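From a predicted model like this one, the values you see are computed outputs, not experimental measurements.
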Amino acid sequence: MNVSMPIVRARWCDIGRIADLVTETLSPTALGAWLVPDEQRRPTILAAVARIWTEHALLFGDAFLLADGTAATIWFHRYRPIPPPARYTDRLADACGTHQNAFLQFDQALAARRPTGAHNHLALLAAPDPADSNRAAAVLAAAQRRMDTLSLPTYAEVFTDTDRDLFQRHGYTHRDTFPVGGHTTTHTMWRLSPFWTDRSSRNTRPPLPHPLVPPRNNPPTRWALR
């Protein structure tokens with residue numbers, strides 16, 4: 001597959017498709033199993049949570065799909081603090097039931113490491129077939145070109161060495177590593193826009209909040225929740 005294949009900006013009618021892509025990507029992974037140990041309920045719960053955050057991104061960010069609908073990215077424009085989704089606690093409880101605490105723990109772990117300065121946050125990359133890495137590369141490259149025109153750095157979280165390497169090939173530098181959920185290592189990544197004009201500091205990375213910890217290898221997961 002040509003990694004330059006086009007993308008389209010997602011609309012409200014695309015939320016269901018993106019939620020399906022997230023579910024297909026995350027369900028077979030260690031992270032998905034930690035969030036929802038119940039294998040039968042996992043797809044339904046993951047899709048419901050993905051829908052909450054995709055809706056929120058269309059209000060406070062952007063979402064892009066490959067033109068053939070086989071991969072997607074979700075972004076938040078973090079120019080300033082943004083609120084949580086409307087009725088988030090109630091909606092999460094309705095979607096997750098007894099699994100709510102794992103999602104809240106995951107949210108809190110990611111939020112604690114997020115930069116405080118203005119940036120675009122690549123919160124989710126959903127490409128369900130890990131054997132076809134071209135789809136992930138295509139949607140990442142095309143969406144990143146759009147985000148670069150906003151002249152802000154990009155921040156992202158990835159959960160495998162494979163995805164970390166993919167992001168590094170697209171101009172990201174590795175920022176931090178920390179465990180989440182006991183079974184997954186989170187790699188935080190940072191990328192400056194080629195149009196970035198802030199010359200106030202030579203430091204191209206935000207400061208690290210905690211010391212690095214050794215990474216673990218896990219099945220490919222292209223998912224980041226806020």
Side-chain angles (χ1 to χ4, degrees), residues 7-12 14-32 34-36 42-43 45-66 69-78 82 84-85 88 91-92 95-96 102-104 106-111 113-115 119-130 133 135-144 146-147 154-160 162-164 166-167 170 172 180-181 184-191 218-226:
I7 59 170
V8 294
R9 178 173 273 110
R11 299 174 296 169
W12 208 257
D14 297 314
I15 291 173
R17 177 56 186 157
I18 295 173
D20 288 343
L21 290 170
V22 172
T23 302
E24 293 171 29
T25 300
L26 186 58
S27 285
T29 67
L31 178 59
W34 173 69
L35 289 169
V36 188
R42 190 181 304 155
I45 292 174
L46 293 177
V49 176
R51 178 177 286 274
I52 292 172
W53 284 104
T54 304
E55 290 176 1
H56 199 52
L58 293 184
L59 297 175
F60 292 94
D62 271 306
F64 299 101
L65 282 157
L66 285 184
T70 57
T73 56
I74 294 294
W75 301 76
F76 288 96
H77 300 312
R78 296 193 181 275
I82 62 176
Y88 179 56
R91 293 183 69 189
L92 192 65
C96 302
F103 283 91
L104 291 174
F106 188 45
D107 285 349
Q108 291 164 5
L110 297 184
R113 300 295 183 116
R114 191 176 302 131
H119 63 280
N120 291 308
H121 177 200
L122 175 49
L124 185 156
L125 194 164
D129 186 0
S133 61
R135 294 187 186 278
V139 73
L140 175 59
Q144 188 66 62
R146 300 252 188 131
M147 289 296 104
T154 298
Y155 173 76
E157 302 101 349
V158 299
F159 303 97
T160 68
T162 299
D163 283 347
R164 180 194 61 191
L166 170 66
F167 276 62
H170 287 80
Y172 285 78
V180 62
T184 300
T185 294
T186 301
H187 303 283
T188 64
M189 312 293 290
W190 184 252
R191 185 185 192 278
N218 291 305
T221 304
R222 298 189 177 99
W223 164 269
L225 195 63
R226 278 53 31 220

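Closest approach of A95 and V49 over heavy atoms only: CB-CG2, 4.4 Å. In terms of heavy atoms, C96 sits closest to I45 at SG-CG2, 3.8 Å. Residues T25 and A127 approach most closely at OG1-N, 3.3 Å, considering heavy atoms.
Distance check: F64 CZ to D14 CG gives 12.0 Å after rounding to the nearest 0.5 Å. To the nearest 0.5 Å, atoms CD1 (I52) and CD1 (I15) are separated by 11.5 Å. The CE atom of M147 sits 9.5 Å away from the CG atom of L122 when rounded to the nearest 0.5 Å. Atom-to-atom distance recorded for L46:CG and R51:CZ is 13.5 Å, nearest 0.5 angstrom. Between the CG atom in L166 and the CE atom in M189 there is a gap of 9.0 Å [rounded to 0.5 Å]. In this structure, CD1 in I18 is found 5.5 Å from OG1 in T54, a value given to the nearest 0.5 Å.
A tilted orientation is assigned to the rings of W190 and H119, their planes being inclined by 30° to 60°. Relative ring orientation between F76 and H56 is described as tilted, the plane-to-plane angle lying within the 30° to 60° band. Between Y155 and H121, the two ring planes are tilted [angle within 30° to 60°].
A heavy-atom distance below 4.5 Å is not found between the side chains of F106 and T184. Side-chain contact between V158 and Y172 is absent, with no heavy-atom pair separated by less than 4.5 Å. Q144 has its side chain within reach of W75: a pair of non-hydrogen atoms, C-beta onward, lies under 4.5 Å apart. The closest side-chain heavy-atom distance from F60 to R78 is not below 4.5 Å. Side-chain contact check for F103 versus L92: some heavy-atom pair is nearer than 4.5 Å. Counting only heavy atoms from C-beta outward, the side chains of V22 and I74 never approach each other to under 4.5 Å.
If you check the side chains of R135 and T70, you find a donor sitting under 3.5 Å from an acceptor.
For R9, the salt bridge (charged side-chain N to carboxylate O under 4.0 Å, His left out) partners two or more places apart in sequence, or in a different chain, are D62. In this view, H77 and Y79 satisfy the ring pair (Phe, Tyr, Trp, His ring centres under 6.0 Å) rule, not counting sequence neighbours.
For the side chain to side chain contact (heavy atoms under 4.5 Å, CB included) with R42, the lone residue among T23, L35, L26, V36 that qualifies is V36.
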